[in-house]
Amino acid sequence: MSSTFSPIPLDDLVAQVRDGMLLAVPADYSGAPMAATRALIRRGAKNLRLVTVPQSTLQADILIGAGCVSEIETAAVTLGEFGTAPCFTRAVLAKKIKVVDATCPAIHAGFQASEKDVPFLPLRGILGSDLLKHRSDWKTVDNPMASGNDPLLLIPAIRPDVALFHAPMADREGNIWIGRRRELATIAHASKTTLVTVERLYDGSFFDDEKMAAGALPAFYVNAVAVAERGAAPVGLFGEYEADIDHLRAYAKEARTEAGFAAYLAREIGAAKAAA
Amino acid sequence: MSSTFSPIPLDDLVAQVRDGMLLAVPADYSGAPMAATRALIRRGAKNLRLVTVPQSTLQADILIGAGCVSEIETAAVTLGEFGTAPCFTRAVLAKKIKVVDATCPAIHAGFQASEKDVPFLPLRGILGSDLLKHRSDWKTVDNPMASGNDPLLLIPAIRPDVALFHAPMADREGNIWIGRRRELATIAHASKTTLVTVERLYDGSFFDDEKMAAGALPAFYVNAVAVAERGAAPVGLFGEYEADIDHLRAYAKEARTEAGFAAYLAREIGAAKAAA
Amino acid sequence: MSDCRPEELLAATLADQIPDVRHIAVGAASPIPAAAALLKQARARDRVHVTILHSRRYNSFTDGGRELFDAAAQGRIDVFFLGGVQIDGEANINLVGLGDYPNLTQRFPGCFGAPYMAFVVPNVILFREEHSTRTLVKKVDFVSAPGWSPEGVWRRGGPKALVTGLAVMPFDASRRRFRLASVHPGHTAEDVREATGFDFDMPASVPTTPVPDLSTLGLLRGPIADKLREFYPDFADRVFPVPA
Amino acid sequence: MSDCRPEELLAATLADQIPDVRHIAVGAASPIPAAAALLKQARARDRVHVTILHSRRYNSFTDGGRELFDAAAQGRIDVFFLGGVQIDGEANINLVGLGDYPNLTQRFPGCFGAPYMAFVVPNVILFREEHSTRTLVKKVDFVSAPGWSPEGVWRRGGPKALVTGLAVMPFDASRRRFRLASVHPGHTAEDVREATGFDFDMPASVPTTPVPDLSTLGLLRGPIADKLREFYPDFADRVFPVPA
């Protein structure tokens, strides 16, 4: 990428996530794009199909609670030590969203298949799990490389319309520093469009220093960057800040009721809950 | 890994590469273990089956010239701008070694399959190449995820007995700094045993600094480490030193004859050519 | 027992289930298994690598979220812990919900990596503090990960034992059956039978789970509590309060 | 032409074969294609990303050796250059050897990534300076990468043109045939016919390959020569000597 890179405003960035798109987001340990999520909710995004890589916490829960999500493929949605994810749980039981239950390695494999542009990746294990009963897109075949009976699961490629995540830095060429959170590279490789929010700009090129280059995602995978200070909060950001435990604990309690979640939405995000 | 890590002498390290083993080595841009290769030649290694990830230059050529190799799977062996690899070329034409011709992405896919412990990875392209006529281990199947005619190549897992490469640093816990040469991680993941030579020891843990951690291969993949200063020379080492152009140019000329190569072997490696 | 907290007993008991291995991994939100892994490491003669996903210090993965699963597939992880909202008599675990999926009456987070780790890790230890007919059921409502597999299905490992707040129950995959091996102090085999929704083998005489000795308690309350404080501060403060 | 070196003509001619794209990649040991890619970048209205594997500055891959191939599979690389020890009339290329494999009479390095890149990159440009019946043959001894594929075989791209020291020959995969589009200054269409071992379409009148204009030469000799000096110092010094 040449010197023509420049970040865009956050609202312009999230405008590229259009209603109905398949949206990939990372787990809370690898750059949850919370500022962008709040902006998405404020703009009233609808019918997003979410795929979490491989699980999600607060981000999926508030997107679901705000009525932005019609479907979610996930290995788990939870608030971790603060309990089950209240909006997710409520929406599933009320059948307001469709859950496509998965397991972590299958989601990773689906992204790797897309990264290589192959229709599937084989995966060991999982056979006999009830997941398979509800995943007609997963296919069990007899291992074509073996002579005998050797059932093997094939996981189809997952190709999101857009990937959205938060990272510590973008450099002046638009490269993103992701450190050892390499699933972010895989997510970007696998997605048609990649949108990134960053804490700050880095004055120079990561590629001028092999130590920084080792943690860089090249700019040519990235379609747009917006600066969002503390853009992962109240979730933590690797190497930058810890999760705001008090916020998450309070959320877990407040969002237990619809009314409580609506109050949270209005106060913390400045958004009214979308009509159901 | 705990504080019990300590490097071992180079000769003890290469003693773990036993005759007949399937040995994986990286390309010249990602840490060619030349000091270890010279030690291997001095100890008179025999019948090694070499797999280059995905190609090789001087390393494969001198191992072959010294009579250490019975078989090589490779996407290419060449001295690059200095011409064809003389010992490789001679040995192939004289049928002293068996060449299993491959292509770069197939070798990468074979290692990734092993990394996931799946029997194969599918790969697009390649169909119609004469490579397939001589690779009975590669299998063309009808894409099991498609309804119609969609031929697809399956590449079997490559699982080396031992991986051997050179890297800039090991830390006090035995973690290896590989920077952005991430094929070294894949090679280590895929191999039963991983042996590494390093330029120097790093006083501390890479994991105390997220910037260093981003380029680290965790110690639990590494079976032994030896310190070998300028251990990739006369090949270059990423971020450390450039190739010794004069050496390589002279080698390309000298090794054009058997006698010339024998002289090189005696002078540069201190080894007599093994009996054919 | 007066001097041993339940969490200490469970950590020591879990540690006793861990064979001599090279690499023990602990998933998210598992303070007691984390304590058990660190205890095993501290008491081992040989070097034992412990990965605790929740930790920065005990997590040296650098290849992204898939590395835990790939490393397990490579046979590099010898022990892993799994829980279950429900666990049944054939060691199937349910992490998804109650009711007739997808028509659930209760929803839990989801399967995480359990359907995979249960196959590729040689020694899976099931851990669930609550031992009741609500958690240990005849048949789970949803099989997140099966406890055993029919012949011909590739499977390197699986559940080897279940540890609960009441008992230690090894699992025999060939017989698809648990056996009561010991009952924690203060409880009886009959308590276990009443609190368990599935059939299991009950020997005529069931020993009491040994309480941790002073040296083990010293490790737990000293160096291991200090380590846990990094990544499970709430747990460490509650179970191992720093003396005023 | 007196003022234009052959390498400059070839670089400019290759650049003219590159459509307006986002990402041009250049493999190992390819100084003239590298110059062509940088020239296209310099003259493009929109931002063009150039990856030169041989370079540190023009190589921003961070996912290991597979990334070039994965990025190409993802459709992120629009143009790639391939050579061939032999190239035949159906755009098959041979990088392996002469003779009846594996009983070769001459051995070359090997296929590298050609069998893959020829399928996944939309615009593959074949480049071989030597234009002779030795290099351009009726049928290659070994098909490293086929020039075309039968219906039903997934294929996003393939050879679009061949540039040699004599001529520019676009390739029509549907007809499996080259066409002579232009002959470099100083040569005739008949020269090309005599030096080519395969049949190709020859229009009644064949234009001369345009020589680079002064602005193009200025770019090649100025900023592009400076860039090439980083990773092809020998080539840059030979073709673009720094004035004493």
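Every chain is numbered from 1 and lettered A, B, ... according to where its sequence line falls, protein lines coming before strand lines.
Residues A/Leu152 and B/Phe120 have side chains in contact (heavy-atom distance under 4.5 Å, counting atoms from C-beta outward). Counting heavy atoms from C-beta on, the side chains of B/Leu121 and A/Leu121 come closer than 4.5 Å. Side-chain contact between A/Arg180 and B/Phe207 is present, with at least one heavy-atom pair separated by less than 4.5 Å.
Nearest heavy-atom pair, A/Gly179 versus B/Ala214, reported as atom, atom and distance to 0.1 Å: C-CB, 3.5 Å.
Here the CH2 atom belonging to A/Trp138 is positioned 10.5 Å from the CE atom belonging to B/Met145, to the nearest 0.5 angstrom.
Contact annotation for B/Leu153: neither backbone nor side-chain heavy atoms come within less than 4.5 Å of a heavy atom of chain A. Of the two parts of B/Asp137, only the backbone, made up of N, CA, C and O, holds a non-hydrogen atom closer than 4.5 Å to a non-hydrogen atom of chain A. Only the side chain of B/Arg182 comes within contact range of chain A, with heavy atoms under 4.5 Å apart. A/Ile178 does not touch chain B: none of its heavy atoms, backbone or side chain, sits under 4.5 Å away.
Per-residue counts of heavy-atom pairs under 4.5 Å with chain A were compared for B/Gly215, B/Pro122, B/Pro105; the largest is that of B/Pro122. Of the residues considered (A/Leu154, A/Asp117, A/Val141, A/Asp150), A/Leu154 shows the highest number of contacts with chain B, using heavy-atom pairs under 4.5 Å. No other option in B/Arg124, B/Lys139, B/Glu210 has as many heavy-atom pairs under 4.5 Å with chain A as B/Glu210.
Distance alone, capped at 3.5 Å, places no donor-acceptor pair between the B/Lys211 side chain and the A/Lys211 backbone.
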